[in-house]
Amino acid sequence: MGRLTTALGRGLIAGAAGTTALNAATYLDMVLRGRPASSTPESTVDRAADLLDVDIPGDDAQRDARRTALGSLLGSAAGVGAGAVLGAVRATGHPRGAAGTLALSWVLAMIAGNGPMTALGVTDPRTWAAKDWAADVVPHLAFAAAATATLRSWPSEA
């Protein structure tokens with residue numbers, strides 16, 4: 001297998017591990033603070049469907065279920081995609097070390113997770129309160145830690 005293919009495969013696995021950690025951190029925050037799930041994934045699906053002039057089929061309950069599922073799938077795709085990019089960048093030999101990989105993976109996760117929602121006008125991070133930032137930054141740090149640990153678990157990646 002070629003070096004880039006190996007790096008992409010490892011990145012996909014790291015992205016999946018990071019996404020699992022992000023979801024766990026998010027759900028733990030919901031448990032600890034008693035806060036509801038964010039509606040931004042569903043709003044992102046609605047906005048994208050409007051822009052693409054696509055109807056989500058079904059009755060109200062079915063549409064709501066599909067919007068929730070599509071929002072979750074988009075989040076998973078963003079995390080796995082961020083991992084693939086991380087793997088590809090690491091194939092160049094950069095960043096070196098755990099701290100650099102952690103920082104890059106956090107930035108990629110923040111961009112992949114928030115970039116589309118911000119671009120679509122679903123959210124505006126400039127208006128977020130400190131608690132909103134904490135609810136976003138901490139899970140993305142969990143993503144970065146898990147993705148970094150996963151990538152560095154291969155002997156040639158340490």
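With rounding to the nearest 0.5 Å, the separation of CG in N23 from CG in L28 is 12.5 Å. From S39, atom OG reaches atom CZ of R67 across 8.5 Å, with rounding to the nearest 0.5 Å. For the atom pair CG of L120 and CG of D46, the computed distance is 11.0 Å after rounding to the nearest 0.5 Å.
The backbone N or O of R126 lies less than 3.5 Å from a partner atom in the side chain of D124, making a donor-acceptor pair. In this structure a side-chain-to-backbone donor-acceptor pair under 3.5 Å is present from R3 to A91. For the pair S153 (side chain) and T150 (backbone), a donor-acceptor distance under 3.5 Å is present. Although no hydrogens or angles enter the test, the distance criterion places no donor-acceptor pair under 3.5 Å between the side chain of R10 and the main chain of G87. In terms of modelled atom types and a separation under 3.5 Å, the side chain of T148 and the main chain of A145 share no donor-acceptor contact.
The hydrophobic clustering, which links ILVMFWY residues whose side-chain heavy atoms are closer than 4.5 Å, places V107 and V80 apart. Grouping the Ile, Leu, Val, Met, Phe, Trp and Tyr side chains by contacts below 4.5 angstrom, directly or via other members, places L104 with W154.
Listed here is the closest heavy atom pair of A112 and P116: O-CD, 3.3 Å. Contact record, G71 with V45: N-CG2, 3.5 Å, taken as the closest heavy-atom pair. Between A142 and A21 the shortest heavy-atom distance is O-CB, 3.5 Å. For A135 against D29, the heavy-atom pair with the smallest separation is CB-OD2, 3.9 Å. Closest non-hydrogen pair, T19 versus F143, comes out as N-CD1, 3.4 Å. Nearest heavy atoms, V122 versus S43: CG1-CB, 3.7 Å.
With no hydrogens or angles considered, no side-chain donor-acceptor pair links T101 and R152 at under 3.5 Å.
Using a 4.5 Å heavy-atom threshold, the side chains of S105 and L151 count as separate. Inter-residue side-chain proximity for T118 and P125 is flagged as met; some heavy-atom pair is nearer than 4.5 Å. Proximity of P57 to R66: side-chain heavy atoms (C-beta onward) are separated by under 4.5 Å at one or more points. Residues H140 and V137 have side chains not in contact (no heavy-atom distance under 4.5 Å, counting atoms from C-beta outward).
A salt bridge between D60 and R63 is present, with a side-chain N of the basic residue lying under 4.0 Å from a carboxylate O of the acidic one.
Contacts classified as ring pair (Phe, Tyr, Trp, His ring centres under 6.0 Å) and involving residues 76-134 (residues at least two apart or in different chains) are given here: W128-W133.
Applying the salt bridge (Lys or Arg N to Asp or Glu O under 4.0 Å) test to D136 and every residue at least two apart in sequence or in another chain returns nothing.
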